[in-house]
Amino acid sequence: MIDEFAKDALHGRLRRDREALLWKLDGLSEYDARRPLTATGTNLLGLVKHVATVEARYFGEVFCRPSPEPLSRWQDHDGSDLWAAEDETRDRITGFYRRTWDHADATTDALPLDAPGHVPWWPEPHSETNLFAVMVHVLGETVRHAGHAGHADILREGLDGRTGLRPEHKKPIDEEARAAYRAKIERAAAGSAASAPPAISGSRSDF
C-alpha cells in the first residue's frame, strides 16, 4: 500500500509541474519564448524541449520501453535539446512534451516502483536503478527547471514580472509592493556589507 501511495504522490507532483512549465510560455511572443535570457543561453522553449527529452529517455529506454518519439542516441548528445531551431515550432515542441507525458505515464502505470531499470549514461555502479529512483530524479529535474524560483519561473519574471506555479494562483502584479520588498532586501544587504569586517586576503607570507 505504501508503494502505491508513494507512486501516486510522485506522479501527481510530476503532472502538476509539467503543466507549470508549459504555463511559463503562455502569452509570450515567439522571440521571447526562444531568446537566450542568460549568459549561458538558457531560454524558456529550450527548457520545455530539454525536460521533454529527459522524460522520453528515462521512462523509455531505461525500462526497455523506447519512446515512440524520434530521439538521437544519448551518446550523440550535443546540447541541441536546450534550444529551439528556427524550423521547430512552439506547437511541435509542446506537442512532443505532451506526447512524452503519455508514454511516461504508461510506463509508470505499468511498472511497480521496484521495477529494475538501466541508465547507461549514469556512471557505475549507479547505472542499475529502479522506477522509484527514476521518478524522483525526473521530478527533481522538472522542479529545478519549472518550480517556484526554478529556471523558468525566474526567466519569466525577468520578461514580464509573472511568477507562480499555476494559472489559478496568478495575481495582478503590484509593482509598488514589489519595489518596496526589493528595496528592503537591498537595504539589508547593503547594511550587512557596511558592518562586515574587512575581508582577509587569501595570500600567505612565509617567515
Side-chain angles (χ1 to χ4, degrees), residues 3-38 41-60 62-63 65 67-71 80-85 88-111 113 131-174 178:
D3 281 1
E4 287 306 309
F5 173 81
K7 182 195 277 192
D8 288 347
L10 290 170
H11 205 178
R13 177 62 187 267
L14 180 57
R15 288 186 173 112
R16 188 192 79 174
D17 288 338
R18 287 166 172 168
E19 294 287 357
L21 181 55
L22 282 188
W23 179 52
K24 297 301 177 182
L25 296 175
D26 281 3
L28 290 181
S29 67
E30 285 298 321
Y31 176 63
D32 282 342
R34 299 162 174 269
R35 67 184 174 105
L37 295 167
T38 70
T42 308
N43 61 97
L44 283 163
L45 192 57
L47 289 177
V48 173
K49 183 179 178 184
H50 171 67
V51 175
T53 304
V54 166
E55 280 213 36
R57 292 199 190 283
Y58 276 97
F59 290 107
V62 167
F63 297 101
R65 297 169 61 93
S67 170
E69 299 293 324
L71 297 171
S80 59
D81 64 320
L82 294 168
W83 57 281
E88 290 182 301
T89 66
R90 188 187 317 205
D91 285 347
R92 175 178 167 184
I93 291 174
T94 58
F96 163 44
Y97 193 22
R98 289 189 180 278
R99 291 190 301 275
T100 294
W101 299 356
D102 293 338
H103 183 72
D105 289 348
T107 295
T108 301
D109 290 342
L111 301 176
L113 281 181
L131 180 63
F132 175 76
V134 165
M135 291 185 75
V136 171
H137 179 82
V138 173
L139 177 58
E141 184 85 4
T142 306
V143 170
R144 175 172 174 251
H145 294 309
H148 178 64
H151 296 148
D153 202 36
I154 293 169
L155 294 183
R156 185 62 192 255
E157 180 181 352
L159 285 171
D160 62 6
R162 179 189 286 183
T163 60
L165 283 175
R166 296 191 292 279
E168 60 266 30
H169 293 166
K170 181 181 176 182
K171 298 178 181 178
I173 297 171
D174 186 335
R178 282 191 176 184

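Here, residue 1 is the first one in the sequence, and each next residue gets the next number. Reckoned from all heavy atoms, side chains included, excluding hydrogens, waters and symmetry mates. Owing to the predicted nature of the structure, the values given are computational and were not obtained by experimental measurement.
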What is the distance from atom CG of Asp81 to atom CG of Leu47, rounded to the nearest 0.5 Å? 10.5 Å
Grab the two heavy atoms, one from Gly60 and one from His103, that are nearest each other, plus how far apart they are. CA-NE2, 4.0 Å
In terms of side-chain geometry, is the basic nitrogen of Arg98 or Glu19 positioned less than 4.0 Å from the acidic oxygen of its partner? yes
Answer yes or no: is there a side-chain heavy-atom contact under 4.5 Å between Thr107 and Tyr58? no
In this structure, CG of Leu45 is separated from OH of Tyr97 (nearest 0.5 Å) by 12.0 Å
Is the side chain of Arg13 donor-acceptor paired with the backbone N or O of Val143 at a distance under 3.5 Å, no angle test? no
Between the main-chain N or O of Ser29 and the side-chain N or O of Arg34, is there a donor-acceptor pair closer than 3.5 Å? no
Can you find a heavy atom in the side chain of Glu88 that is under 4.5 Å from one in the side chain of Lys49? yes
Strictly distance-based, threshold 3.5 Å: is any side-chain N or O of Thr100 a donor or acceptor partner for the main-chain N or O of Glu55? no
Go through Leu10 and Phe132 one step at a time and tell me if the side-chain contact (heavy atoms from CB on, under 4.5 Å) criterion holds. CA-CA 9 Å; Leu10 290 170; Phe132 175 76; 3.8 Å; yes
Given side chains that start at C-beta, do those of Leu155 and Asn43 come closer than 4.5 Å, heavy atoms only? no
Under a 4.5 Å cut-off applied to non-hydrogen side-chain atoms, are Leu44 and Asp32 in contact? no
Closest heavy-atom pair and its distance - Asp153, Ala146: CB-O, 4.4 Å
Look only at the side chain of Arg178 and the backbone of Gly161, and say whether a donor-acceptor pair between them is shorter than 3.5 Å. yes
Would you give the length of the straight line joining atom CZ of Arg15 to atom CG of Asp8, rounded to the nearest 0.5 angstrom? 8.5 Å
Nearest atoms (heavy-atom pairs only) where Arg18 meets Ala104: NH2-CB, 3.7 Å
Would you name the heavy atoms of Arg65 and Ala110 that are closest together and state the gap between them? NH1-CB, 3.9 Å
Pick one: which of Arg99, Arg92, Arg57 meets salt bridge (charged side-chain N to carboxylate O under 4.0 Å, His left out) with Glu69? Arg99
Inter-residue atom distance Thr42.OG1 - His50.NE2, 0.5 Å rounding: 10.0 Å
Within-4.5 Å side-chain heavy-atom neighbours: Thr53 and Phe96: yes
Heavy-atom closest contact (Ala152 atom, Leu21 atom, distance): CB-CD1, 3.7 Å
Thr108 backbone acceptor or donor facing Lys7 side chain under 3.5 Å: yes
Identify the heavy atoms of Val134 and Phe63 that sit nearest to each other, and give their distance. CG2-CZ, 3.8 Å
Donor-acceptor contact present, side-chain Arg156 to main-chain Lys24, <3.5 Å: yes
Between Asp105 and His11, does any side-chain donor sit less than 3.5 Å from a side-chain acceptor? yes
Take a 6.0 Å sphere around CH2 of Trp83 and say whether it holds more than 12 heavy atoms from other residues, nucleotides or ligands. no
Heavy-atom side-chain proximity of Arg35 to Leu159 below 4.5 angstrom: yes
